[in-house]
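Worksheet: one structure, shown below.
We use all heavy atoms of the structure for the numbers below, so side chains are in, but hydrogens, waters and symmetry mates are not.
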Amino acid sequence: MRLLTHLRHVDLAVPDYDKQLDFYAGVWGLTKVAEDSGISFLAAEGSPEQYVVRLRKAEEKRLDLVSYGAASPADVDTLAEELLAGGVQLISQPGTVDTPGGGYGFRFFDVDGRTIEVSADVEVRQHRKIEERESIPVKLSHVVLNSPDLNRTREWYERHLGFRLSDTLSSPHMGEVMHFMRISNQHHSMAIAQGPHTALHHISFEMRGLDEYMRGSGRVMRAGFRKIWGPGRHMAGDNTFTYFLDPHGNTVEYTTELECLDEDTWHPHVYDFSQPEVTDQWGTANPMNELIAKESFNDPDRGCFVAPPV
């Protein structure tokens with residue numbers, strides 16, 4: 001039974017907090033909606049979520065947590081009971097969520113030691129329709145996580161959180177390298193990448209359309225931030241992509257037109273990502289190679305099995 005509904009937000013701890021805040025609330029196009037001492041909450045103007053990124057000042061860079069929504073407090077309680085019965089380590093019991101929008105939720109560790117939050121009854125943020133040529137994120141699209149054991153992580157998310165496999169990237173010499181996982185008819189809300197260590201691979205933000213996606217990509221390029229791959233269009237998910245590095249070396253993506261599929265009839269594909277049309281149907285992006293792939297391995301996350309302080 002699937003109890004998760006959607007991806008809410010991704011929380012990052014960063015040493016140079018001011019520089020990171022300037023990036024996300026500036027050129028990247030998010031809106032700072034709340035700030036406390038060394039913590040800020042950033043919303044996407046087109047999203048009903050209270051915030052899609054949280055930044056926390058810390059001595060060491062880490063992924064603080066990934067947050068998902070549930071339909072009701074009863075579903076939150078049911079999930080907590082199921083996770084406990086399945087031997088999953090809870091960080092907190094279901095209760096009041098003390099972040100913008102409130103709600104009812106709890107936190108726990110996934111199989112790789114990441115902190116995951118699930119919540120319901122979060123107050124809907126007043127949001128708006130993004131206008132034509134307005135090249136700012138509409139919403140959070142998906143998150144991709146590096147795992148040293150791709151299939152162990154996939155099986156854990158399927159068994160405990162109800163994720164289903166949409167597609168897989170593989171190659172003749174490397175085997176399976178990425179699983180695209182869904183909790184709705186959106187092709188993926190999360191993907192798992194084979195990496196040398198547990199870390200954030202990338203965070204993706206949905207733009208209004210192709211024109212806005214290109215305008216946003218150009219704005220970030222002109223501002224001098226490092227583009228590592230794109231613009232192009234993936235085969236798995238059929239979405240556009242331009243990947244950049246934020247000031248702390250986290251990979252962030254502008255995307256649009258991510259595929260919505262018929263879950264009743266969908267059969268997962270295994271795509272050979274050594275074929276250039278698999279990584280980029282258009283042929284406009286710089287070729288994918290090992291150096292580009294390594295950019296998104298990110299630094300080893302030392303926050304594994306250590307809950308963030310807030």
Could you go through the salt bridge (Lys or Arg N to Asp or Glu O under 4.0 Å) check for Asp112 and Arg152 one step at a time?
CA-CA 9 Å; Asp112 295 318; Arg152 181 184 72 156; 3.1 Å; yes

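Ionic pairing of Arg8 and Glu117 is not present here: no N-O contact between side-chain nitrogen and carboxylate oxygen is shorter than 4.0 angstrom.
Considering CD1 of Ile39 and NZ of Lys57, their distance stands at 12.0 Å, rounded to 0.5 Å. Note that OG of Ser217 and CE of Met207 are 7.0 Å apart. Values are rounded to the nearest 0.5 Å. Atom CG of Leu7 sits about 5.5 Å away from atom OH of Tyr68, to the nearest 0.5 Å. Taking CG of Leu30 as the reference point, atom CD of Glu45 lies at 9.0 Å (rounded to 0.5 Å). Distance OG/Ser189 to CZ/Phe163: 6.5 Å, rounded to 0.5 Å. The distance from atom CE of Met221 to atom CZ of Phe244, rounded to the nearest 0.5 Å, is 6.0 Å.
Considering His197, Lys61, His248 as possible partners of Asn298, the one that fulfils the side chain to side chain donor-acceptor pair (under 3.5 Å) test is Lys61.
Side-chain atoms of Glu257 never come within 3.5 Å of backbone atoms of Thr240 as a donor-acceptor pair (strictly under, hydrogens ignored). When atom types are taken as modelled, the side chain of Asn239 and the backbone of Thr256 share no donor-acceptor pair closer than 3.5 angstrom. Tyr51 places no side-chain N or O within 3.5 Å of a backbone atom of Lys32 that could act as its donor or acceptor partner. The backbone N or O of Pro15 lies less than 3.5 Å from no partner atom in the side chain of Glu59, so there is not a single donor-acceptor pair. Without hydrogens or angle criteria, Ser119 side chain to Gly69 main chain gives no donor-acceptor distance under 3.5 Å. The backbone N or O of Ile130 lies less than 3.5 Å from a partner atom in the side chain of Arg208, making a donor-acceptor pair. Proximity of a side-chain donor or acceptor of Arg219 to a complementary backbone N or O of Val27 within less than 3.5 Å is detected. Formation of a donor-acceptor pair under 3.5 Å by the Glu212 side chain with backbone atoms of Gly209 is found in this model. At least one donor-acceptor pair closer than 3.5 Å links the side chain of Gln194 to the backbone N or O of Leu150.
For the pair Thr99/His9, no side-chain contact is recorded, criterion being any heavy-atom separation below 4.5 Å from C-beta on. Side-chain contact between Val118 and Asp75: absent, with no pair of heavy atoms (C-beta onward) separated by less than 4.5 Å. The closest side-chain heavy-atom distance from His187 to Phe180 is below 4.5 Å. Val252 places none of its side-chain heavy atoms less than 4.5 Å from the side chain of Phe225. Side-chain contact between His127 and Val124 is present, with heavy atoms from C-beta onward closer than 4.5 Å. Gln186 places none of its side-chain heavy atoms less than 4.5 Å from the side chain of His6.
Ring centers of Trp266 and His188: at least 6.0 Å apart, outside the cut-off.
Phe205 meets the ring pair (Phe, Tyr, Trp, His ring centres under 6.0 Å) test with Trp28; sequence neighbours excluded. Looking at residues two or more places apart in sequence or on another chain, you find a salt bridge (charged side-chain N to carboxylate O under 4.0 Å, His left out) between Asp110 and Arg114.
The aromatic rings of His234 and Trp229 sit tilted relative to each other, their planes meeting at an angle between 30° and 60°.
Side-chain N/O atoms of Arg182 and Ser166 include a donor and acceptor closer than 3.5 Å.
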